[in-house]
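FYI, the numbering just counts along the sequence from 1.
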Amino acid sequence: MRPAPTILHLDMDAFYASAEQAAKPSLRGKAVVVGGLGPRGVVATASYEARRLGVHSAMPTAQARRLAPNAAYLVPRFSLYRTVSDQVMELLGRLSPLVEPLSLDEAFVDLEAGGTADDSASARATGEGLRAAIRAVTGLSGSVGLAGSKMLAKIASEEAKPDGLLVIEPGTERELLAPMSVRILPGVGPATGDHLRRAGMTTVHDLAEAGEAELVRLVGKAHGHGLFRMALGLDDRPVVAERDAKSVSVEDTFDVDLHDRVRVRAEVERLAVRCVERLRAADRSGRTVVLKVRRYDFSTLTRSETLRGPTDDPTVVREAAGRLLESVDTTGGVRLLGVGVTGLADYTQEDLFAQAADARELAQRALEHHAPTAEGGEEEAVPEAEADSAEQLAARRWPAGHDVHHEEHGHGWVQGSGIGRVTVRFEEPWSAPGRVLTFRIDDPQLRPADPLPLVRESPDYSSWPASLPKSRSSGAGSSEGGESSP
């Protein structure tokens with residue numbers, strides 16, 4: 001534990017949904033749900049307006065529609081989220097060389113290592129400056145927690161939500177944690193939480209009072225020891241700037257079970273290409289190709305093949321995945337497919353000329369239209385041989401919430417599609433709410449478009465944080481929502 005709250009945890013507020021509201025003026029202040037929209041769709045993120053209606057992440061979309069029938073249901077736009085995430089991570093990198101991203105919208109920062117904070121006052125000022133910078137650059141809000149450990153910094157940011165900042169002063173940890181639910185501690189999920197509840201332990205105070213021996217008896221030696229330390233507010237884990245990935249993989253869940261063997265093979269090949277895209281984006285190669293198949297009865301099979309050497313060749317990975325598929329019985333139907341590469345390395349042992357040829361093929365495939373699936377992945381266009389309904393084809397071509405451009409009306413986004421029609425609202429992030437028009441799905445003047453930036457003219461933060469005025473801090477340990485008081 002540190003003597004000063006110099007570990008910062010940033011968590012963007014309802015990230016996907018907030019980005020969609022920032023991009024679409026007509027949705028601001030309204031319930032927005034982002035996720036898979038098919039029968040097996042799952043909520044990825046819900047806006048705070050939707051959360052007040054009972055909608056939350058990981059909830060089946062069908063259930064969310066019953067709770068919030070008037071909400072806007074949108075397919076994720078990962079290209080936008082990654083762009084905004086890059087902007088946020090770049091700001092974090094200016095605070096310290098030790099930034100540990102946990103996801104697109106969440107990260108730890110060691111402020112002490114960057115020399116940007118060494119006590120409570122400077123840590124608070126840095127946190128407030130960060131929130132102001134994020135809002136200026138991205139138009140979005142993030143909640144910040146500051147403490148002497150990673151565990152407490154994460155708890156602080158959760159308590160500060162939405163759009164707030166909380167500092168946990170060293171020495172106040174046990175008092176703060178005592179009344180909280182045991183579920184707030186890392187590693188305490190529903191099963192462990194229920195097990196502890198049956199033993200009469202529902203708060204962190206209960207765990208601390210029970211003692212280490214009793215916790216070891218209940219949940220085992222390793223978990224019990226760690227649980228007792230966390231209940232006392234003790235956590236010595238460092239902020240790690242780089243995590244060495246052990247594998248790269250992609251998978252898709254399908255709204256309707258796949259029975260056509262040709263379609264299954266085509267999907268496996270597409271997943272293999274996408275996997276190589278991610279592999280190359282990380283400047284890595286891999287030696288073992290893994291195929292994952294979840295069948296109609298929820299049984300999950302995995303098959304793997306180890307190559308002679310590491311590769312990032314799309315043809316090699318695609319053919320290996322195809323060979324693995326031959327050993328799997330898919331006649332009853334397939335609900336999920338995945339392709340991964342493990343045994344990662346920083347070099348390849350393939351024919352460089354073959355790789356150059358396949359790079360062109362990979363680039364061509366990357367230009368094909370993508371549409372997110374129920375689990376948040378990206379499912380590419382379906383082969384023409386697939387006999388889908390006109391409504392399914394329209395939904396794939398014009399995903400709800402995705403960007404379009406019309407030669408006459410300009411930039412807009414898809415409100416919905418079906419029965420040969422697509423409805424578009426024409427507006428931009430910096431415009432007033434726009435008008436709604438409907439077109440045929442094959443209108444030659446309408447085409448998919450790239451997302452627009454959320455902020456029209458981003459301010460220059462090249463000298464930040466040194467040039468950023470320090471915000472006046474309020475009392476230590478308090479939570480602040482919105483902007484700092486003058």
Side-chain angles (χ1 to χ4, degrees), residues 10-35 37 44-51 70-92 104-105 130-143 162-163 369-372 376 378 398-417 422-439 445-461 464 482-483:
L10 170 72
D11 195 355
M12 300 295 289
D13 299 321
F15 183 46
Y16 296 175
S18 295
E20 297 297 347
Q21 289 176 317
K24 302 171 171 64
S26 59
L27 297 184
R28 292 170 191 168
K30 299 181 180 179
V32 174
V33 179
V34 180
L37 305 189
T45 307
S47 69
Y48 285 100
E49 296 85 355
R51 294 181 189 189
N70 297 320
Y73 289 84
L74 309 176
V75 174
R77 295 186 296 160
F78 288 103
S79 59
L80 170 65
Y81 310 148
R82 290 190 187 101
T83 298
V84 177
S85 176
D86 289 344
Q87 292 175 312
V88 172
M89 295 302 167
E90 198 274 335
L91 290 173
L92 296 182
L104 289 176
D105 61 336
L130 172 65
R131 291 177 56 232
I134 289 173
R135 186 177 290 279
V137 171
T138 70
L140 304 180
S141 67
S143 294
D163 193 17
H369 178 60
H370 289 64
E378 294 177 346
W398 306 110
H402 280 227
D403 300 82
V404 296
H405 182 84
H406 192 276
E407 292 181 9
E408 179 181 350
H409 303 289
H411 189 91
W413 57 277
V414 176
Q415 279 200 330
S417 61
V422 55
T423 300
V424 178
R425 183 181 287 274
F426 290 96
E427 59 186 4
E428 298 175 340
W430 41 82
S431 73
R435 60 176 178 167
V436 178
L437 298 173
T438 298
F439 306 90
Q445 296 189 78
L446 189 68
R447 58 176 175 79
D450 293 328
L452 296 175
L454 300 182
V455 176
R456 194 168 197 171
E457 294 183 7
S458 183
D460 181 14
Y461 274 82
W464 188 80
E483 300 300 322

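A distance of 7.0 Å separates CG in Asp105 from OG1 in Thr45, rounded to the nearest 0.5 Å. Atom CD of Glu408 and atom CD of Gln445 lie 6.0 Å apart (nearest 0.5 Å). One distance of note links CD of Gln87 with CG of Leu92; it measures 12.0 Å at 0.5 Å rounding. Separating the CZ atom in Arg135 from the CG atom in Leu140 is a distance of 8.5 Å, to the nearest 0.5 Å. Taken to the nearest 0.5 Å, the CG atom of Asp163 stands 5.0 Å off from the CZ atom of Arg131. Atoms CG and CD, from Leu27 and Glu20 in turn, are 8.0 Å apart once rounded to the nearest 0.5 Å.
Residues Val424 and Trp413 fail the side-chain proximity criterion, which asks for heavy atoms closer than 4.5 Å. Between Met89 and Ser85, the closest side-chain pair of non-hydrogen atoms falls below 4.5 Å. Looking at Trp398 and Leu446, their side chains come closer than 4.5 Å, going by heavy atoms from C-beta outward. Side-chain atoms of Leu452 and Trp430, non-hydrogen and from C-beta on, do get closer than 4.5 Å to each other. Under the 4.5 Å side-chain criterion, counting only non-hydrogen atoms from C-beta, Arg77 is in contact with His402. The side-chain heavy atoms of Phe439 and Thr423, taken from C-beta on, include no pair separated by under 4.5 Å. In this structure, the side chains of Arg447 and Val404 stay at 4.5 Å or more apart for every pair of heavy atoms. Proximity of Trp464 to Val137: side-chain heavy atoms (C-beta onward) are nowhere separated by under 4.5 Å.
Summarising the geometry of Ala17 relative to Ala46, their closest heavy-atom pair is CB-C, 3.9 Å, with the distance given to 0.1 Å. Here the closest non-hydrogen pair linking Lys30 and Glu49 is O-OE1, 3.5 Å. The two residues Leu454 and Ala19 come nearest to each other via the heavy atoms CD2-O, 3.8 Å. When all heavy atoms are compared, the tightest approach of Ala50 to Val33 is CB-CG2, 4.1 Å. In terms of heavy atoms, Ala136 sits closest to Pro459 at O-CD, 3.3 Å. Scanning both residues, Pro162 and Ser143, for their nearest heavy atoms gives C-OG, 3.7 Å.
With no hydrogens or angles considered, a side-chain donor-acceptor pair links Asp13 and Ser141 at under 3.5 Å. A donor atom on one side chain and an acceptor atom on the other are not found under 3.5 Å apart for Gln21 and Tyr48.
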Check against side-chain contact (heavy atoms from CB on, under 4.5 Å), Phe15 and Val84: CA-CA 10 Å; Phe15 183 46; Val84 177; 3.7 Å; yes

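Annotation for Glu457: atom CD does not count as buried by contact number, only 12 or fewer foreign heavy atoms lying within 6.0 Å.
In this structure, His409 and His406 have tilted ring planes: the angle between them lies in the 30° to 60° band.
Checking side-chain atoms of Arg425 against main-chain N and O of Arg435 turns up no donor-acceptor pair under 3.5 Å. Within the 3.5 Å criterion, the main-chain N or O of Glu427 finds no donor-acceptor partner in the side chain of Ser431.
Applying the side-chain contact (heavy atoms from CB on, under 4.5 Å) test between Gln415 and each of Val422, Val436, Leu74, Leu437 identifies Val436 as the sole match.
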